Amino acid sequence: MDVQSTQNVDDDNVPGSFPEPQVLARYVLNVDEPATNKPTDAEFYINDSTGKLRPNHAMLKDHFFKEGRLKEEHALFILQEILEMLKQEANLVDVKSPVTICGDIHGQYYDLMKLFDVGGSLNDNCYLFLGDYVDRGCFGIECLLYLYALKLSYPTKFVLLRGNHECRHLTEYFTFKRECLHKYSEQVYEACIESFCALPVAALVDHKFFCVHGGISPELNTLNDITTLDRFQEPGSHGLLCDLLWADPVSGFGEEDKPNSLVPKGSTFLHNATRGCSYFFTYAAACHFLERTHLLGIIRGHEAQDNGYTMFRKTPTKKFPSVITIFSAPNYLDVYHNRGAVIKYANKNITIRQYNASPHPYWLPNFMDAFTWSLPFVGAKITEMLLAILSICSEEELTEEDSSEEEESRALADASMIPVEYQRRQQIKNKIMAVGRMQRVFQLLREESEAASELVATEDISGPTTAGLRVGPDALSVQGTQIGRNIRSFDDARRSDLMNERLPVFEAETSPDGSPTTMFPPPSMRLPSRRGSSMGEGLNMEMLIKKTLDEDEDDSPIVERLAERIARGRRVTGRPQPLKRHETT
């Protein structure tokens, strides 16, 4: 009886035993498992009403929502088909109401799904997007492919304009190129860039509203200037195409006539120092443009808004807001705390619909995997262990001064030492010193990994190339301190992110014959890596380790004394020093 009872006892209930760990089980059951399969041809392709092959946008919506990816041939199919369709559209597209006008998306796919819930059905509505579908967010390729699939399925229901981020220059500088390479390939990225150049640059809604990503230009006298523009190119740092994508209303727009205004009287366009290119346009410039073109107002995106939108001063004649800025990426970069918004225009009425951010999966910076991200933590611990093993001298031995007799005898011994022995001693000392320097490297990299963010707390944004750069022990840190402490409001986030609003400037590397080797340095979300040093190289792990091993300055006195004593072969006593404990918060 007793024996049988003992045999029936479950092993997990025996004192001192532990249940078998369920390593494959999902601990957060309310989060769907990511889609690991790629759609087959039968799932991906559907036929439209004319019998032409189109991507199955309904399937893509759910597949992308579960973080699924496509076969490369399917992604290229969407990009090639949309390229041919966009080439047929005019630079300035006519849009009929009712319409939902949407601002910047910036790779926030899960908020894009919320946008469509708020924006309304396609049965009695169409959508006009003002650009900036990619960069900054981690789901830019999903946003782009899904919007392209919708455009292919409903050509007249979707109008997609170009934003300033739809170009090679910014996608290499920010995150989209790295995202494409991580999720797909270089070929997919190049196909995206080609499609960007085919996007229209402006739209007219009911011949009343001028819709554009950035703003107006001193080169924009009539709407015909846009229709004759060559848009199939990479935007430059000046000119009409640049201004349509980059221009902003001047600070204090509509209040230029007040005594405390910093805008010179009678000005219409001022150099845009915030962007580093294009112009600020004034209230007078906007009114003159609307009068010349017989339009009611300008609707644009390009700038994050706390409430998702801003309506500027009304025109003196038609009493309608001269400019409306709309921004559709809520809680931009996960730190702005802003709302998203869209404009619904129907039956000659404008309605602003706001919405909050939706939860989304988390990605490590630069699309790193967890192993790569954790390497600095492992490296810091390994170097600390090596130093702990070597640190078998007591603190008294390391800090005590050698007597004059010991110094004299050591000097005589060094003088009589053959060169090979002296060289070996120096090699031992250098290796120990290198371990100490490596400990500093991994400590800095560990702190950077803990506080990684795309924003940087900057104190001076006036300089075009030095803004936000730091020197000293926190030079590697993306933000120096925890981002939650620095950014508590929309204004805090805007100040921290202001330097990322500029047109990036790169110094091209040159080969020995003087020809440029690469147009841009390797892309990175981390600001110090993007800017690089004065020598043109970024602050990455490989460069930093090499630089640290080569340097001879600022070595730890304790490590130096330890290396000297071990290299001399002196007998040491005392217990090894304990390892420090580091925890990640």
Side-chain angles (χ1 to χ4, degrees), residues 32 34-89 93 95 98-102 105-134 137-161 166 176 179-180 183-184 188 191-192 194-196 198-200 328-329 342 358 360-361:
D32 292 334
T36 56
N37 65 301
K38 295 181 179 179
T40 63
D41 287 354
E43 294 170 326
F44 178 79
Y45 293 107
I46 58 174
N47 294 100
D48 62 11
S49 57
T50 64
K52 194 168 186 179
L53 279 181
R54 292 300 182 203
N56 186 346
H57 63 85
M59 180 277 297
L60 290 180
K61 176 181 177 180
D62 295 333
H63 188 64
F64 287 152
F65 197 87
K66 295 179 180 179
E67 299 184 79
R69 299 178 192 172
L70 304 178
K71 295 178 182 178
E72 185 165 325
E73 62 190 77
H74 290 162
L76 290 173
F77 172 81
I78 294 175
L79 295 168
Q80 290 161 0
E81 289 293 311
I82 199 67
L83 177 63
E84 296 305 315
M85 181 176 287
L86 293 175
K87 283 181 177 178
Q88 307 306 315
E89 294 194 338
V93 183
V95 180
V99 61
T100 299
I101 304 175
C102 312
I105 304 299
H106 280 299
Q108 298 184 196
Y109 180 79
Y110 296 83
D111 296 316
L112 179 62
M113 298 299 100
K114 184 67 173 290
L115 180 152
F116 284 121
D117 291 339
V118 172
S121 168
L122 290 177
N123 295 330
D124 56 354
N125 186 42
C126 64
Y127 280 86
L128 168 60
F129 285 85
L130 302 181
D132 276 12
Y133 315 105
V134 301
C138 295
F139 306 96
I141 189 66
E142 288 82 3
C143 290
L144 191 69
L145 292 177
Y146 181 61
L147 288 173
Y148 280 174
L150 289 173
K151 172 72 174 175
L152 288 170
S153 301
Y154 307 100
T156 61
K157 292 285 188 177
F158 282 88
V159 175
L160 307 176
L161 301 186
E166 276 70 63
F176 183 64
E179 180 185 352
C180 286
K183 297 178 180 178
Y184 293 97
V188 169
C192 291
E194 194 172 2
S195 72
F196 292 162
L199 289 167
S328 302
V342 295
S358 300
H360 63 83

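Predicted model only: the values in this text are computed from it and were never measured.
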Would you check if [X] and [Y] make a side-chain contact, meaning some heavy-atom pair closer than 4.5 Å?
X: F139; Y: L112; result: no
X: I141; Y: C192; result: yes
X: Y146; Y: M113; result: yes
X: C143; Y: F64; result: no
X: K157; Y: C126; result: yes
X: L70; Y: L60; result: yes
X: P55; Y: L152; result: yes

Shortest non-hydrogen contact from [X] to [Y]?
X: I78; Y: Y148; result: CG2-CB, 3.6 Å
X: Y109; Y: K61; result: OH-O, 2.9 Å
X: T40; Y: K71; result: CA-NZ, 4.2 Å

*Could you tell me which residues satisfy ring-ring contact (aromatic ring centres under 6.0 Å, His included) with H360, sequence neighbours excluded, listed by chain and number?*
none
*asked:* In terms of relative ring orientation, are F116 and F158 parallel, tilted or perpendicular, with 30° and 60° separating the classes?
replied: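 Rings of F116 and F158: perpendicular, as their planes differ by over 60°.
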_Qualifying salt bridge (charged side-chain N to carboxylate O under 4.0 Å, His left out) pairs, either residue in residues 35-53, two or more places apart_ = D48-R54
